[in-house]
Amino acid sequence: MAKLNLELLLLVSVCTTCLFVQPSSAQLRQNYYSKICPNVESIVRNAVTQKFQQTFVTVPGTLRLFFHDCFVNGCDASVIVASTANNKAEKDNSDNLSLAGDGFDTVIKAKAAVDAVTQCQNKVSCADILAMATRDVISLAGGPSYAVELGRLDGLVSTAASVNGKLPQPTFNLNQLNSLFAANGLSQTDMIALSAAHTLGFSHCNRFSNRIYDFGGRKGAIDSSLNKTYATQLQGMCPRNVDPDVAINMDPITPRTFDNIYYRNLQQRMGLFTSDQILADDSRSRPTVDTWAANSNAFNSAFIAAITRLGRVGVKTNTSQGNIRRDCSVFN
């Protein structure tokens with residue numbers, strides 16, 4: 001861990017283009033809307049719960065939306081902005097095309113519920129609503145609840161090109177993961193905790209087919225880091241030339257519960273992506289995986305700390321950097 005901290009310090013000193021936690025993040029605080037819109041958290045929670053009752057996809061869709069938003073230009077709801085004839089927005093980058101529509105819909109419906117209250121109309125940012133909704137879906141799926149820091153403004157820019165190279169890929173190794181998270185002011189421990197989002201939701205077969213068919217260019221080979229029984233199951237669900245719309249659960253054991261089973265799966269070599277399994281296979285990250293696999297309370301505490309830090313990445317609190325969008329999908 002000391003080595004990682006040293007690496008982070010070095011990155012801070014030499015990287016002038018990385019998206020670090022901005023000084024303005026210090027202005028985020030709990031109960032930010034206590035006088036502006038006192039019931040905002042219950043309004044958002046009710047809207048999210050209603051959406052959750054309609055479809056479980058609300059949970060992984062919203063959680064993934066928050067992560068993809070924060071890692072590109074900071075937590076500013078820029079990922080929700082729709083493309084126009086003159087601008088291809090973040091959501092239409094190839095890395096974001098798989099974001100579930102239910103995640104976007106959750107924020108839009110929660111925003112409508114907030115704005116339906118006269119005192120709150122156009123007073124609460126889409127970025128803050130996304131942060132609150134993320135906390136709520138985690139809780140609804142059986143995960144920990146926590147106090148959300150608020151006070152973000154919505155970003156003024158959203159371009160597809162800005163997404164390139166900003167999001168982790170399923171083939172990443174530990175060094176690549178650590179580097180990407182460090183560029184956002186997040187540690188290896190934060191990265192391992194946030195990876196547990198893969199305890200929920202689904203993946204399209206093409207995101208991991210390289211591990212179960214002709215791995216490394218060898219005909220018929222399977223990635224040796226993958227549990228053979230699990231690999232056979234994956235082949236059954238994702239045959240060669242499968243419909244690209246077919247998707248499977250990322251956690252084969254408890255796919256609808258936010259829990260530490262994700263880490264136990266890694267111990268059994270049942271991480272769906274290379275970027276998942278490497279956490280248990282690399283000696284630098286394995287002790288953390290083993291600790292959280294055995295102790296759900298320790299994992300929950302670490303996850304709350306990590307997602308709180310994630311929510312501070314690149315936030316805008318100055319009106320020269322952002323505003324409060326009337327419509328989350330359209331710039332004012």
Side-chain angles (χ1 to χ4, degrees), residues 55-57 59-61 63-64 67 98 100 138 141-143 167-178 188 191-300 302-303:
T55 173
F56 181 81
V57 180
V59 176
L63 178 54
R64 193 157 174 250
F67 181 87
S98 62
I138 290 167
L167 295 170
Q169 301 300 310
T171 55
F172 271 13
N173 60 33
L174 191 68
N175 288 341
Q176 290 171 308
L177 289 168
N178 279 339
Q188 175 176 286
M191 179 271 292
I192 300 171
L194 292 169
S195 294
H198 289 175
T199 190
L200 301 165
F202 50 85
S203 169
H204 293 285
C205 296
N206 65 349
R207 299 292 281 174
F208 57 86
S209 59
N210 66 303
R211 301 186 70 201
I212 58 176
Y213 295 113
D214 307 332
F215 182 71
R218 303 189 307 278
K219 188 171 180 60
I222 293 172
D223 185 346
S224 61
S225 70
L226 195 60
N227 180 300
K228 288 186 178 179
T229 301
Y230 183 44
T232 301
Q233 292 172 349
L234 292 175
Q235 289 176 332
M237 292 182 284
C238 294
R240 290 181 187 268
N241 303 315
V242 68
D243 185 323
D245 289 333
V246 170
I248 68 156
N249 292 324
M250 288 193 283
D251 178 348
I253 309 300
T254 56
R256 287 176 169 248
T257 306
F258 186 92
D259 55 25
N260 66 330
I261 299 300
Y262 168 79
Y263 301 106
R264 298 183 192 178
N265 290 340
L266 299 186
Q267 291 176 320
Q268 300 300 316
R269 294 188 294 120
M270 292 165 59
L272 186 60
F273 302 141
T274 301
S275 58
D276 291 314
Q277 193 55 50
I278 197 65
L279 303 181
D281 292 352
D282 194 299
S283 61
R284 293 170 292 172
S285 48
R286 187 185 310 124
T288 304
V289 169
D290 291 343
T291 295
W292 293 344
N295 190 327
S296 60
N297 289 333
F299 159 62
N300 285 340
F303 182 83

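Fair warning: this is a prediction, and the values are worked out from it, not measured in the lab.
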Any chance you could measure [X], atom [atom1], to [Y], atom [atom2], to the nearest 0.5 Å?
X	Y	atom1	atom2	result
Ser209	His204	OG	NE2	12.5 Å
Asn265	Asn227	CG	CG	10.0 Å
Ile278	Ser225	CD1	OG	7.5 Å
Leu200	Asp251	CG	CG	8.0 Å
Ser275	Arg207	OG	CZ	9.0 Å
Ile212	Lys228	CD1	NZ	15.5 Å

Side-chain touch [X]/[Y], heavy atoms, less than 4.5 angstrom:
X	Y	answer
Ser98	Arg64	yes
Asp276	Met250	no
Phe215	Ser224	no
Ile192	Trp292	yes

(request) Run through Leu226, Ile248, Thr171 and flag the one making a side-chain contact (heavy atoms from CB on, under 4.5 Å) with Phe208. (result)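 One option only clears the test, and that one is Ile248.
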
(message) For Phe299 and Phe303, take the angle between the two ring planes, folded into 0 to 90°, and tell me which bin it lands in: parallel under 30, tilted 30 to 60, perpendicular over 60.
(response)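 The arrangement is tilted - the two ring planes meet at 30° to 60°.
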
(request) In plain terms, say whether Arg240 and Asp214 are close enough for a salt bridge, that is, a side-chain N and a carboxylate O under 4.0 Å apart. (result)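 A salt bridge links Arg240 with Asp214.
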
Between the side chain of [X] and the main-chain N/O of [Y], is any donor-acceptor distance below 3.5 Å?
X	Y	result
Gln268	Tyr230	no
Arg269	Asp281	no
Gln169	Leu167	yes
Gln277	Leu272	no

(request) Please name the pair of heavy atoms, one in Leu63 and one in Ile138, separated by the smallest distance, quoted to 0.1 Å. (result)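 For Leu63 and Ile138, the tightest heavy-atom pair comes out as CD1-CD1, 4.0 Å.
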
(request) Assess whether atom CG of Asn241 is packed by more than 12 heavy atoms of other residues, nucleotides or ligands within 6.0 Å. (result)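 Not more than 12 within 6.0 Å, no.
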
